[in-house]
Amino acid sequence: MIILGIETSCDETAAAVVADGKRILSSVVSSQIGVHHPYGGVVPELASRKHLEAIVPVTMEALDGAGIGFGQVDAIAVTQGPGLVGALLVGFSFAKGLARAMNVPWLGVNHLEGHLHSVFLGDDPPPFPFAALLASGGHTSIYRVAGPTKFDLLGQTRDDAAGEAFDKVSKMLGLGYPGGAAIGRLAGRGSPESIKFPRAYLDKDRFDFSFSGLKTAVNQYIQRQGDGLESRMADIAAGFQEAVVDVLVYKLIHAAETTGCRNIALVGGVAANGRLRERLTREGKLKGLSVHIPPSDLCGDNAAMIAAVGYHYLREGDLSEMTDDVYSRCKRT
Ligand code: KG4
Ligand code: ZN
């Protein structure tokens with residue numbers, strides 16, 4: 001079963017061809033980072049316009065890369081939400097029209113389920129059930145995953161998402177947008193112990209997060225440095241990163257232990273963070289858990305993960321209607 005996936009929820013125009021929900025035949029991601037960088041964040045209208053320019057060439061490149069034509073596509077899967085409405089509408093309307101023209105089923109996919117499925121596209125997919133941490137620019141949530149479309153939300157952030165905190169601290173340090181990778185690199189040159197920023201565990205037996213207090217603490221620390229900031233930058237990045245990683249690792253391992261899962265998975269853009277990957281792998285193993293993390297290029301937004309979910313919707317007969325609309329906030333998951 002060959003699924004063409006399309007993703008335009010934020011600032012990446014992506015298309016991919018995936019066989020049987022797990023074998024990537026091609027995956028093309030066209031990033032708009034250069035467009036939004038001068039503004040310090042994603043500008044929704046610019047995002048929509050760039051998607052409009054890129055959607056056809058990116059889709060053609062994905063089909064060419066897979067060595068197939070439209071006639072070999074069994075169904076089209078497209079991100080329906082959550083995300084920026086104007087951006088989503090570009091991919092969604094395109095997919096609808098294409099599916100109609102090709103006379104194939106089409107499937108509106110939840111972007112967050114897509115991230116959860118990215119772990120099945122790597123070399124080391126976890127068996128069910130597993131506890132998963134989804135940490136991205138818009139979400140930080142823990143799920144118990146019992147089957148390809150069976151997700152129980154155990155907890156989520158009450159304010160900022162982890163990736164959003166990385167982006168904001170990056171901005172405070174003058175490193176620009178998006179900031180996760182830049183903070184990760186800078187942190188590698190600093191000491192994680194030299195500045196002890198607060199950790200918000202909230203209730204230690206629940207799986208909710210809060211990163212706004214940490215963000216404020218980092219901001220206040222930066223303000224106090226004055227002219228000495230340059231020499232403290234790497235330690236600030238490392239101290240901030242460690243505070244985020246401590247909480248994420250603790251909560252995910254605790255969620256697995258509480259819900260009887262022997263497997264854990266880490267997904268979403270923040271899952272590309274080297275320190276988080278390394279500590280979760282080490283500490284999960286120490287607790288006897290099997291740790292599953294997709295390769296870094298599948299952690300950020302891509303369309304292969306959307307096609308992977310679409311395969312399961314198709315098998316379950318959960319097809320979309322021509323009158324379906326996009327949604328900006330979480331619906332299914
Ligand atoms: O999943 P994603 O590509 O888009 C959303 O669905 O939000 O996640 C993007 C987020 C951004 O906030 C970005 O700063 C963060 O993931 N990110 C990272 C790293 N790479 C990307 N955060 C920490 N360390 C990284 N290496
Ligand atoms: Zn995402």
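Whatever order the structure lists ligands and atoms in, that order sets their numbers, starting from 1. No experiment lies behind these values; they were computed from the predicted model shown.
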Discussion item. Contact between ligand 1 and H139 is defined here as a heavy atom of the residue under 4.0 Å from a ligand atom; is it met?
Written reply: no
Discussion item. In this structure, does ligand 1 have an atom that sits under 4.0 Å from one of the heavy atoms of C10?
Written reply: no
Discussion item. If I apply the N/O under 3.5 Å rule, does G137 come out as touching ligand 1?
Written reply: yes
Practice prompt. May I ask you to check if ligand 1 and G300 share an N or O to N or O distance below 3.5 Å?
Written response: no
Discussion item. Using the ring centroid of each side chain, check whether Y39 and Y177 are separated by less than 6.0 Å.
Written reply: no
Practice prompt. Identify whether NZ of Lys or CZ of Arg in K22 sits under 6.0 Å from the centre of the six-membered ring of Y311 and within 45° of that ring's axis.
Written response: no
Worksheet item: Between E53 and R49, is there a salt bridge with N-O shorter than 4.0 Å?
Response: no
Item to complete: Compute the minimum heavy-atom distance from G269 to ligand 1 and say whether it is under 4.0 Å.
Response: yes
Discussion item. Working to 10°, measure the angle at the Zn ion (ligand 2) formed by atom NE2 of H115 and atom OD1 of D301.
Written reply: 100°
Practice prompt. Could you tell me whether some N/O pair between G268 and ligand 1 is separated by less than 3.5 angstrom?
Written response: no
Item to complete: Name the closest protein heavy atom to atom 24 (N) of ligand 1, giving the residue it belongs to and the distance to 0.1 Å.
Response: N273 ND2, 3.0 Å
Discussion item. List ligand 1 atoms under 4.0 Å from A272, heavy atoms only on the residue side.
Written reply: 26 (N)
Worksheet item: Less than 4.0 Å between a side-chain N and a carboxylate O, is that true for E283 and K287?
Response: no
Item to complete: For the residue pair T149 and E316, confirm or rule out a side-chain donor-acceptor distance under 3.5 Å.
Response: yes
Worksheet item: Which pair of heavy atoms, one from L252 and one from A265, lies closest together, and at what distance?
Response: CD2-O, 3.6 Å
Practice prompt. Could you confirm whether H111 has any N/O/S atom lying under 2.8 Å from the Zn ion (ligand 2)?
Written response: yes
Worksheet item: Relative to the heavy atoms of H115, which atoms of ligand 1 are at a distance of less than 4.0 Å?
Response: 1 (O), 6 (O)
Discussion item. Please determine whether residues V17 and L107 belong to a single hydrophobic cluster, defined as Ile, Leu, Val, Met, Phe, Trp and Tyr linked transitively by side-chain heavy-atom distances below 4.5 Å.
Written reply: no
Fill in: Side-chain H-bond candidate by donor/acceptor type, E7 with H111, under 3.5 Å
yes
Practice prompt. Return the orientation label for the H117 and H312 ring planes: parallel under 30°, perpendicular over 60°, tilted otherwise.
Written response: tilted
Worksheet item: Of all the non-hydrogen atoms in the protein, which one sits nearest to atom 18 (C) of ligand 1, and at what distance?
Response: G180 CA, 3.4 Å
Worksheet entry | Aromatic ring pairing Y250/Y201, orientation class (parallel under 30°, perpendicular over 60°, tilted between) | perpendicular
Worksheet item: Judging by distance only, is a nitrogen or oxygen of P178 under 3.5 angstrom from one on ligand 1?
Response: no
Discussion item. Would you say the rings of F128 and F120 are close, in the sense that their centroids are separated by under 6.0 Å?
Written reply: yes
Discussion item. I need the nearest protein heavy-atom contact for atom 2 (P) of ligand 1: residue, atom name and distance, please.
Written reply: D301 OD1, 3.5 Å
Worksheet item: What are the atoms of ligand 1, with element, lying closer than 4.0 Å to any heavy atom of G138?
Response: 7 (O)
Worksheet item: Should E12 be counted as touching ligand 1, given the test is an N or O pair under 3.5 Å?
Response: no
Item to complete: Look at ligand 1 and say whether Q241 reaches it with a heavy atom at a distance under 4.0 Å.
Response: no
Worksheet, complete the sentence: atom 12 (O) of ligand 1: closest protein heavy atom, distance to 0.1 Å, is D167 OD2, 2.7 Å
